[in-house]
Amino acid sequence: MFETVPTPTPSCPSELLLDRWHLGELEPSRAATVEAHLAGCPDCSERRDARDAGFAALPVDADRLFAKIEAAGPRRPVRDFFDRLRDWRIPALVVATAAAVFVLAPREQGIRTKGGDVGFRVFREHAGQVEEKVSGAAFAARDRLRFDVKASEGSQIMILGVEESGEVYTYYPAGLDRSDRVRRTSDGALSGAIELDDYDGREWLHLVRCDDAFARADLITGPGPKGVEAPAGCDVRAFEIQRQR
């Protein structure tokens, strides 16, 4: 199960865009646009304040983090990589998050089950921090998930969650039984987000992309990385999450 976390209005910055703005990852012109919106939107000002509180509660000692990483070895590639990041004046929190992803996660996101130029990326917000996750990673109750989908303009998509029991939920478009065309926010992510409940076990997220509109009834669903079969000509991408209470 899950709860949807919508963006206040279509003109408001997405959760992912606000995270990137907070971390100083946006180019100056984009950052200025976000700041101007925050100044005139009470709802988004509250979202900004919530981020300030969350990030402030998570101080990062970058040197201690590097020491732990190097103790696990190998040393030089990691240290050299992050020395270069520091030369670019990346904020400490960004460096720390990048360190965890660089050391622990390969770049291939999700499981490719059919051909086509389709991509599926999953971002998790947990305790005020946001990071891109890889298939098989652990997730906790109340984690917020956002999706970035690479698909041709006009494509029809649906994202399903299938638990080990075979229970199926439609994550995008939220709660509906029919596909929707790709609707991206200004930073490329799908609009809205979902919040996980306290289910404990494995779950597979399946992105289904078709040229034409389709219904959930057109899909054959079941647990496992290849548990969703779509009509001919469609693409499927699977992403496994380890749910923990």
Q: Determine, stepwise, if the pair Y172 / F147 fulfils ring-ring contact (aromatic ring centres under 6.0 Å, His included).
A: CA-CA 9 Å; Y172 185 92; F147 307 114; 7.9 Å; no

(Q) Could you check whether S165 and E167, counting side-chain N and O atoms only, form a donor-acceptor pair closer than 3.5 Å? (A) no

**Q.** Modelled atom types, side-chain donor and acceptor of Q244 and Q242, under 3.5 Å
**A.** no

(Q) What I want to find out is whether D200 reaches R243 closely enough, with some N-O distance under 4.0 Å, to be called a salt bridge. (A)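 No.
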
Q: State plainly whether the residues R48 and E46 are in salt-bridge range, i.e. N to O under 4.0 Å.
A: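 No.
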
Provide the closest heavy-atom pair for [X] versus [Y] in the form atom of the first, atom of the second, distance.
X    : Y    : result
A238 : P225 : CB-O, 3.2 Å
P223 : E163 : CB-O, 3.6 Å
P173 : I157 : CD-O, 4.0 Å
L205 : G161 : CD2-CA, 4.2 Å
A230 : V236 : CB-CG2, 3.9 Å
G227 : H206 : N-CE1, 3.9 Å

Give a yes or no on whether the backbone of [Y] and the side-chain of [X] come within a donor-acceptor separation of less than 3.5 Å.
X    : Y    : result
S155 : C210 : no
R237 : V118 : yes
E164 : R202 : yes

Q: Let me see the working for L160 and W204 under side-chain contact (heavy atoms from CB on, under 4.5 Å), right down to the final yes or no.
A: CA-CA 8 Å; L160 301 176; W204 290 269; over 6 Å; no

Q: Evaluate the criterion side-chain contact (heavy atoms from CB on, under 4.5 Å) for residue pair V122 and V134; output intermediate values, then yes/no.
A: CA-CA 7 Å; V122 177; V134 295; over 6 Å; no

Q: Start with the C-alpha gap between V208 and V228, add the side-chain angles, then the distance that decides, and say whether side-chain contact (heavy atoms from CB on, under 4.5 Å) holds.
A: CA-CA 9 Å; V208 182; V228 171; 4.0 Å; yes

Hey, could you give me the [atom1]/[atom2] distance between [X] and [Y], rounded to the nearest 0.5 Å?
X    : Y    : atom1 : atom2 : answer
I194 : Y171 : CD1   : OH    : 4.5 Å
F123 : D143 : CZ    : CG    : 15.0 Å
C234 : E229 : SG    : CD    : 12.0 Å
Y199 : F139 : OH    : CZ    : 14.0 Å
L176 : M158 : CG    : CE    : 8.0 Å
R124 : I241 : CZ    : CD1   : 10.5 Å

Q: Using the side-chain contact (heavy atoms from CB on, under 4.5 Å) rule, take F120 and D148 through it: C-alpha gap first, then chi angles, then the decisive distance, then the call.
A: CA-CA 6 Å; F120 184 33; D148 187 305; over 6 Å; no

**Q.** Contact check, side chains of E35 and H37, non-hydrogen atoms, under 4.5 Å
**A.** no

(Q) So, applying side-chain hydrogen bond (donor to acceptor under 3.5 Å, both in side chains) with S179, which one of Q156, R216, R209 is it? (A) Q156

Q. How would you list, by chain and number, every residue that makes a side-chain contact (heavy atoms from CB on, under 4.5 Å) with D218, sequence neighbours excluded?
A.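 side-chain contact (heavy atoms from CB on, under 4.5 Å) list for D218, sorted by chain: F214, A215, P231.
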
